[in-house]
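First comes the structure, then the notes that go with it.
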Number of protein chains: 2
Amino acid sequence: MAQRNILQFIILGLLDQQPRTGYELTQAFDSDIGEFWSAKHSQIYPQLSKLETAQQVTHHEEVSGEKLVRKRYALTTTGKTTLENWLSADTEPVVGGGKDEFAVKLYFIQRPDDPRLVQMLTKQGAFHKQKLTHLQEQMTLKFPAGASQHDFGHYLVLDHAIRREKAYTEWLKAALTACEK
Amino acid sequence: MAQRNILQFIILGLLDQQPRTGYELTQAFDSDIGEFWSAKHSQIYPQLSKLETAQQVTHHEEVSGEKLVRKRYALTTTGKTTLENWLSADTEPVVGGGKDEFAVKLYFIQRPDDPRLVQMLTKQGAFHKQKLTHLQEQMTLKFPAGASQHDFGHYLVLDHAIRREKAYTEWLKAALTACEK
DNA sequence: TAAATACATGTTATTAATTACATGTTTGGA
DNA sequence: TCCAAACATGTAATTAATAACATGTATTTA
């Protein structure tokens, strides 16, 4: 893509929650936030450098063990301002709702009796059902009492992800029904 | 990103439906298929050239009016085979469910009483509700009798898009309720 | 104690995608 | 008949993102 470098703001947001290392930032994209954004370490480390050059973040070095040096990054006041500005700015809704190779494939399979359809739908269904289960487990684990006062954003995105996966599995189920009759 | 050049297969799929010009392919991404994939003409024209070099497509020239030359592309048998192979191949489900700047923003707004929340949720809600309505109109327009034998894939992705937008609006509504109490 | 795995940080090469540049034609309406 | 909008096709510059390259440390476990 060629977005407006949203990654930088996400990094600022994560560092606002708590100071983190590049490694920890990378890990963050493997958990909840990964449902709605992703980035590899090869994108994160250079971005951290740029943010530091731009005075948005600073780091201090931590030594663990004998020689391992870890760089823990934190927001500067400038960085905090940048983050707040982004959070307060209008978010233009993305028109095309993301990319979905599977959906596109189905688009090109015209006939409901295509021999490949059932297997395709079943397989994807299994995957998304499993993912849904995992997300629901996360929810009961992290928010056993429902929406919380602190961590409200976290609750919202988890709920979002669950609803999305639910809708996805239901779509697959309906599709399966529609092509079996 | 750096996908496995899925665009090429989508172009093949679109050309399999009917021969098209680069311009018409571009337009295709503004309609239904645009819900699950997008591409600009600056990506399409070069890709068409590559596909032609690779013998996947051919074109013939049409003259309209005095001098305007249109290139209408069609699949070769090789191209048809490539397409079928792609359609038959396993589709690995994408782990991270796409990117959503709005969702990420909410993630960083911890407090449910944040003064920005209501406006944000309301605004996005209006957009997605409108989009949902538009999609539902498309559905009743194109498939007044429900799922069709021909054009089944088209029906599926429309249904998919509708369910997605419905889930999105319901999430926003629930979020609004949750942060207002 | 050896090996495997996780921790940790970077760079390089390549691909995917958008934005902007560039040019011209056709059609329909004011 | 002029003008705007849609039609039509390309290229160039830049950015975003992934995959692969590269290297080394710390911890756990067999």
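Chain identifiers are assigned alphabetically (A, B, ...) following the order of the sequence lines, protein sequences preceding nucleic acid strands; residue numbering begins at 1 within each chain. For the numbers below, each heavy atom of this structure counts, side chains included, while hydrogens, waters and symmetry mates do not.
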Which salt bridge (charged side-chain N to carboxylate O under 4.0 Å, His left out) pairs, counting each pair once, include a residue from [range], with sequence neighbours left out?
| range | value |
| --- | --- |
| residues 38-54 of chain B | none |
| residues 102-113 of chain A | A:R111-A:D113 |
| residues 71-82 of chain B | B:D16-B:K80, B:E24-B:R72, B:E62-B:R72, B:K80-B:E84 |

Closest-nucleotide ordering on DNA chain D, the 5'-leading residue of B:Y45 and A:K40:
B:Y45
Closest-nucleotide ordering on DNA chain D, the 5'-leading residue of B:P46 and A:S42:
B:P46
Whole Å only: how far is the [atom1] atom of [X] from the [atom2] atom of [N]?
| X | N | atom1 | atom2 | answer |
| --- | --- | --- | --- | --- |
| A:I6 | D:dT15 | CD1 | P | 15 Å |
| B:I44 | D:dG10 | CD1 | P | 12 Å |
| B:L7 | C:dA17 | CG | C1' | 10 Å |

Who are the side chain to side chain contact (heavy atoms under 4.5 Å, CB included) partners of B:A39, not counting sequence neighbours?
B:L7, B:F29, B:Q43, B:I44
Under the rule for side chain to side chain contact (heavy atoms under 4.5 Å, CB included), what residues qualify as partners of B:T133, not counting sequence neighbours?
B:E137
Nucleic acid contacts - residues 47-63 of chain B versus DNA chain C, non-hydrogen atoms under 4.0 Å:
none
Please work out which residues in residues 9-30 of chain B have a non-hydrogen atom less than 4.0 Å from an atom of DNA chain C and list them by number.
none
Residues passing the side chain to side chain donor-acceptor pair (under 3.5 Å) test with A:Q110, sequence neighbours excluded, are none
Between protein and nucleotides 24-29 of chain C, what N or O pairs are separated by less than 3.5 Å?
| unit_1 | atom_1 | unit_2 | atom_2 | d |
| --- | --- | --- | --- | --- |
| C:dT25 | OP1 | B:K67 | NZ | 3.0 |
| C:dT26 | OP1 | B:S64 | O | 3.1 |
| C:dT26 | OP1 | B:E66 | N | 2.7 |
| C:dT26 | OP1 | B:K67 | N | 2.7 |
| C:dT26 | OP1 | B:L68 | N | 3.0 |

Determine, for A:D32 against A:K142, whether the closest basic-nitrogen to carboxylate-oxygen distance falls under 4.0 angstrom.
yes
Can you tell which of C:dA16, C:dT11, D:dT9 lies closest to the side chain of A:H41?
C:dT11
Phosphate oxygens OP1/OP2 of D:dG10: is one of them under 4.0 Å from a side-chain N or O of B:K71?
yes
Taking only the side-chain nitrogens and oxygens of B:Q43, find out if one of them lies under 4.0 Å from OP1 or OP2 of C:dA17.
yes
Validation: residues 170-179 of chain B side-chain donor-acceptor distances under 3.5 Å, sequence neighbours left out:
| unit_1 | atom_1 | unit_2 | atom_2 | d |
| --- | --- | --- | --- | --- |
| B:W171 | NE1 | A:L156 | O | 2.9 |
| B:T177 | OG1 | B:K173 | O | 3.0 |

Members other than A:Y45 in its cluster, when Ile, Leu, Val, Met, Phe, Trp, Tyr link by side-chain heavy atoms under 4.5 Å?
A:Y23
B:L158 side chain near B:E35 side chain, heavy-atom distance below 4.5 Å
no
Tell me the ring pair (Phe, Tyr, Trp, His ring centres under 6.0 Å) pairs involving residues 107-132 of chain B, sequence neighbours left out?
A:H154-B:Y107, B:H128-B:Y168
